[in-house]
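Values in this document were obtained by computation on a predicted structure and should not be read as measured data. Excluded from the calculations below are hydrogen atoms, water molecules and symmetry mates; all remaining heavy atoms, backbone and side chain alike, are included. Position 1 is the first residue of the sequence; numbering continues from there.
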Amino acid sequence: MKVIAIANQKGGVGKTTTAVNLSAALAAKGKRVLLIDMDSQANASSALGFEVSSDRSLYPALIGECLLEDLIIPAKRRNLSLVPAHMDLSGVEVELASEGNHLTCMRDAMTGLRERTDFDYVFLDTPPSLGVLMTASLCACDEVLTPMQCEFLSLDGLSKILYIIEQIRESGANPGIIHEGVLMTMFNNTNLANQVVAQVRDNLPDQLYRTIIPRSVRVAEAPSFGKTIMEHDRYGSAALAYRNAAQEFLTRHTN
């Protein structure tokens, strides 16, 4: 089982969209996938058509009141499961910040899950901030995948997440963490977007995914219907791109 954090502390870069659609695309290819929604906004949960409820939330697992495995529910798609989020996760930031285990709370919560063979991949949809939940996710994962909008300001966000990963590795909190890749999102075929892609390619040639996710109104619409882009616009360019990204992900993980 491989645990991948979908992480970028910059908001609005397609992080949750990538977490939902990459998970669903891999599940459609026969991989057993668990998506853990770690954002108090619970956008990943609602994007999959789930009504947000405090009865099903990651919160109690993080503070040791229940097992994370007991929170897993079927995501209404074959091979895809979900641990939903709720706004109560915003409170855990304050509660855990003063605790000595705030860096390891997610890793500790996942101990039982890692001992099982239920899933091939576990994706953590992290919040767009550098708070407790983001750092706890980075300390619990094996790899980090960074969705990045094709704008120059996003380059600064990328450099920051790379710096944070290096700090976590060097601190010993998660010495094995690696930055698996960068997935460019919201691409318009403009000079600016192409320059940003080229700059990432020059600096991180082995980490940049060849697949680029285009900007699409359909992608923005899909969550309002509780659907993935593959369900909402099956033959659209964004659906094709996420299927290709899933195949590229699998190729990168078999080499």
Side-chain angles (χ1 to χ4, degrees), residues 2-20 22-23 34-47 52 57-64 68 71 82-111 113-114 121-149 153-183 185 207:
K2 189 78 72 174
V3 180
I4 302 100
I6 308 294
N8 190 331
Q9 79 284 357
K10 191 176 186 300
V13 299
K15 177 181 60 60
T16 294
T17 298
T18 294
V20 168
L22 182 60
S23 295
L34 172 63
L35 175 60
I36 301 179
D37 191 347
M38 299 194 65
D39 190 347
S40 62
Q41 298 177 84
N43 289 335
S45 304
S46 57
V52 177
S57 170
L58 183 63
Y59 180 88
L62 291 175
I63 60 175
L68 185 148
L71 300 173
L82 173 71
V83 173
H86 182 262
M87 64 181 299
D88 62 5
L89 279 176
S90 59
V92 85
E93 292 271 354
V94 178
E95 186 169 347
L96 290 175
S98 60
E99 299 291 332
N101 69 333
H102 65 277
L103 285 177
T104 62
C105 61
M106 186 59 184
R107 184 170 65 202
D108 294 342
M110 293 186 65
T111 299
L113 182 64
R114 282 191 177 272
Y121 299 106
V122 176
F123 288 95
L124 310 179
D125 181 35
T126 65
S129 70
L130 293 178
V132 169
L133 291 173
M134 165 72 90
T135 53
S137 300
L138 297 180
C139 289
C141 71
D142 302 308
E143 302 175 354
V144 179
L145 174 61
T146 302
M148 178 180 161
Q149 191 175 0
L153 288 178
S154 295
L155 292 170
D156 182 58
L158 176 61
S159 65
K160 287 179 179 176
I161 195 69
L162 292 173
Y163 173 78
I164 294 162
I165 291 170
E166 184 63 25
Q167 290 296 300
I168 288 175
R169 183 188 299 118
E170 292 183 353
S171 72
N174 187 359
I177 187 174
I178 65 170
H179 188 256
E180 191 275 330
V182 179
L183 181 65
T185 64
Q207 295 185 31

> Got a sec, which pairs hit side chain to side chain donor-acceptor pair (under 3.5 Å) with one end in residues 171-181, sequence neighbours left out?
Replying inline: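 Sorted result for residues 171-181: T146-H179, H179-Q207, E180-Y209, E180-R252.
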
>> Tell me which pairs pass side chain to side chain donor-acceptor pair (under 3.5 Å) where either residue lies in residues 127-143, with sequence neighbours left out.
In response: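 Applying side chain to side chain donor-acceptor pair (under 3.5 Å) to every pair that reaches into residues 127-143, excluding sequence neighbours, yields R114-D142, E143-H253.
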
Nearest heavy-atom pair of [X] and [Y]: which atoms, and what distance?
X: P175; Y: A173; answer: CD-C, 3.9 Å
X: A61; Y: A109; answer: O-CB, 3.8 Å
X: P127; Y: M134; answer: O-CE, 3.5 Å
X: L145; Y: G181; answer: CD1-O, 3.4 Å
X: R107; Y: T104; answer: NH2-CG2, 3.0 Å
X: S57; Y: L71; answer: O-CD1, 3.1 Å

> Could you state the interatomic distance from CG (L58) to OG (S40), rounded to the nearest 0.5 Å?
Replying inline: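 Taking CG in L58 and OG in S40, the distance rounds to 11.5 Å.
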
> In a check of side chain to side chain contact (heavy atoms under 4.5 Å, CB included) between V144 and each of L124, I177, I168, which one passes?
Replying inline: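 With V144 as partner, L124, I177, I168 yield a single side chain to side chain contact (heavy atoms under 4.5 Å, CB included), made by I177.
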
I'd like to check the side-chain hydrogen bond (donor to acceptor under 3.5 Å, both in side chains) partners of [X]; sequence neighbours left out, ordered by chain and number.
X: E166; answer: R169
X: Y59; answer: E95
X: T126; answer: none
X: T18; answer: Y242

With a 4.5 Å heavy-atom cut-off, do [X] and [Y] have their side chains touching?
X: I36; Y: L68; value: yes
X: N43; Y: D125; value: no
X: M106; Y: L138; value: no

Would you be so kind as to tabulate the donor-acceptor pairs closer than 3.5 Å made by side chains of residues 5-14, with sequence neighbours excluded?
| residue | atom | partner | partner atom | Å |
| --- | --- | --- | --- | --- |
| N8 | OD1 | K10 | N | 3.0 |
| N8 | ND2 | P147 | O | 2.9 |
| Q9 | NE2 | G157 | O | 3.2 |

>> Considering only residues two or more places apart or on different chains, which pairs with a residue in residues 123-144 satisfy ring-ring contact (aromatic ring centres under 6.0 Å, His included)?
In response: F123-F249

> Who are the salt bridge (Lys or Arg N to Asp or Glu O under 4.0 Å) partners of D108, not counting sequence neighbours?
Replying inline: none

>> Suppose the criterion is salt bridge (Lys or Arg N to Asp or Glu O under 4.0 Å): which pairs have a residue in residues 34-47, not counting sequence neighbours?
In response: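 Not a single pair qualifies under salt bridge (Lys or Arg N to Asp or Glu O under 4.0 Å).
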
